[in-house]
Amino acid sequence: MTNSRVSALIGGISPSATLAVDAKAKALRAAGESVVGFGAGEPDFPTPEAIVEAAAEATRDPRWHRYSPVAGHPDLKEAIAQKTARDSSYEVEASQVLVTNGGKQAVYQTLLALLDPGDEAIIPAPYWTTYPEPVRLAGATPVYLATDETSGFRVTIEQLEAARTERTKLLVFVSPSNPTGAVYPRDQIEAIGRWALEHDIWVVTDEIYEHLVYGDAEFHSMPVVVPELADRCVVLNGVAKTYAMTGWRVGWMIGPADVIKAATNLQSHSTSNVCNVAQRAALAAVSGDLEAVAGMRDVFDRRRVTIHRMLNEIPGVTCLEPEGAFYAFPSFAGLLGRPLAGHVPATSLELADLVLEHAKVAFVPGEAFGAPGYGRFSFALADDDMEEGIARIARLVAAG
Ligand code: PMP
C-alpha cells in the first residue's frame, strides 16, 4: 500500500476560485493580452498616504523588528475597540479583540475555534468562497441555504428554521454581502439574531464591508441590534476594504473571552503576531477619520449605477441592484443553452471560460459561490475598464 503524498484533509481543499480567476486574468495580461478583470475583490485605490507614512516610520524603529504579542499590539486592540464603538455602536473591551493576518485568518480561526466534528454550520448561498473550507477542516458540515433575487438574496427565518437541527452550532452571516451586494435591513437582522438567541446558535458576522452601503441601505451590527447575542457572537472585520489595504493583511475578530483565548492559542502556533509594520499602518487607519473611505464609497456608488445599468442592457442578463460592498451579481440564465462564440454554454462556468477566451473579460462564475447560473463582477476597477469590459460582453452576446 502506498501512502498518498498529500493528506486527505488538505488534499480536499479547493483553491480560492476568486484568486484563481484573478491569477488567470493577470497571466493573460502578462502575456500581452488586453484583459479586463472583474475577479478580485480589491479597491483599485492606493492606501491613503498617512497610513503608508505610519508604516514607513515603523520600519525604522527597532521596537517593531521583534516578536510582539500574538493577539496584537495593545494600542491597536484598544483602537479597534474604540473604532467599533464609533462605527457600529458595539461596545467591547480591547481584550475581546484578536488581530489576525487579514479577515481571512479571522474567518478561519473563528470557525476552527467554534466547530466540532459532526456540528453543522449554516451558510446562506450565494456565499463567499472561503466560508465552507474551514468548516470542513473542522470536521463539521456546511449546510447551504439557497437564496435568489426573489428575496433580494437574503435568507428568511423560515429557511433557517427548516435547516435547524440539534447539531446546528452556528450561522455565518454577512451584510453587506460578498458576492451579492445584498444588505439586510435592521428588522431582518433583528429577526435572525432573535432566532439564533432562542435556539442557542452562534452567529459569526462578517462586517468587512460595513462602510460600503449605497442609496437607502444602512449597515447594522447584529450584536448591537440584539445585544443579548453578544456572548454567542463573533464579529469579523479588517482594514482591507475600508482603507484600500488588501495587501497589508490586517484583520480582526471580536468575541467572548473564551473564544478569543482559544483562537489566540491557535494563532500562537501558526502565524504568531501579525507583521508589526502592518499593525502600525492599521493603527493609523482605524484611529484616523473616515474621509478616504467616504471618497472611495462615492466612486464605487457611481460605478455601481453604471455596471447595474449596462449589465441589464445585455439581452439574457438580469442584475439586481447591489446595495453594498462592490459586487454586481447578475443572472446569466438567459444566455445558457444558447449559441455564443460558436459554443452553447450550459453552465456559468463554461460561460465564464468563453467570455474570457473570446471577449478577454474575467469574472467569477457563480459556481464558486454555490450559485450556478450567476457571475460575480467586482466594480472596484477603473470606470473606463469597467465600461469597456461590460461593452465587450455585450458585443459578444450580440454577435451570438
Ligand atoms: N470577508 C469577506 C466577505 C470578504 O469579501 C473578504 C475579502 N474578499 C474577507 C472577509 C477577507 O479579507 P482580507 O483577508 O483581505 O482581510
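Side-chain atoms are counted along with the backbone in the values below, which use heavy atoms only and exclude waters and symmetry mates. Counting convention: from 1, in listed order, for ligands and their atoms alike.
- When only interatomic distances are considered, the shortest N/O to N/O separation between Asn101 and ligand 1 does not fall below 3.5 Å.
- Ring geometry, Phe329 versus Phe153: the interplanar angle exceeds 60°, so the pair is classed perpendicular (tilted spans 30 to 60°).
- Distances shorter than 4.0 angstrom occur between a heavy atom of Arg249 and an atom of ligand 1.
- Only side-chain heavy atoms of Lys241 come within less than 4.0 Å of ligand 1; its backbone N, CA, C and O stay farther off.
- Atoms of ligand 1 found under 4.0 Å from any heavy atom of Asn178, numbered from 1 in the order shown, are 3 (C), 4 (C), 5 (O), 8 (N).
- Salt bridge status for Asp301 with Arg304: present, with a side-chain N to carboxylate O gap under 4.0 Å.
- The existence of a salt bridge linking Arg29 and Glu33 is excluded, since no basic side-chain nitrogen approaches an acidic carboxylate oxygen closer than 4.0 Å.
- In terms of N/O distances under 3.5 Å, ligand 1 is not approached by Tyr327.
- Atom 9 (C) of ligand 1 has its nearest heavy-atom neighbour, among Tyr108, Trp128, Tyr209, in Trp128.
- Residues Arg303 and Asp298 are not paired through a salt bridge, judged by the lack of any N-O separation under 4.0 Å between the basic side chain and the carboxylate.
- Nearest protein heavy-atom contact of atom 16 (O) of ligand 1 is Gly103 N, 2.6 Å.
- Using a 4.0 Å heavy-atom cutoff, Gly102 is listed among the residues neighbouring ligand 1.
- Atoms of ligand 1 lying under 4.0 Å from any heavy atom of Tyr131, numbered from 1 in the order shown and given with element: 3 (C).
- Salt bridge annotation for Glu133-Lys104: absent, with no cationic side-chain nitrogen under 4.0 angstrom from a carboxylate oxygen.
- In this structure, atom 12 (O) of ligand 1 lies nearest to the protein heavy atom Ile208 CD1, 3.6 Å.
- Taking a cutoff of 4.0 Å between a charged side-chain nitrogen and a carboxylate oxygen, Arg154 and Glu323 qualify as a salt bridge.
- The pair Asp116-Arg167 does not meet the salt-bridge criterion, since no charged nitrogen lies less than 4.0 angstrom from a carboxylate oxygen.
- For ligand 1, none of its N or O atoms has an N or O atom of Thr246 under 3.5 Å away.
- Polar contact with ligand 1: absent for Ala240 (N/O pair, distance under 3.5 Å).
- Checked by atom type and distance alone, the side chain of Asp385 never pairs as donor or acceptor with a backbone atom of Leu381 at under 3.5 Å.
- Scanning all protein heavy atoms for the shortest distance to atom 2 (C) of ligand 1 gives Asp206 OD2, 3.3 Å.
- No salt bridge links Glu198 with Arg194; every basic N to acidic carboxylate O contact stays at or beyond 4.0 Å.
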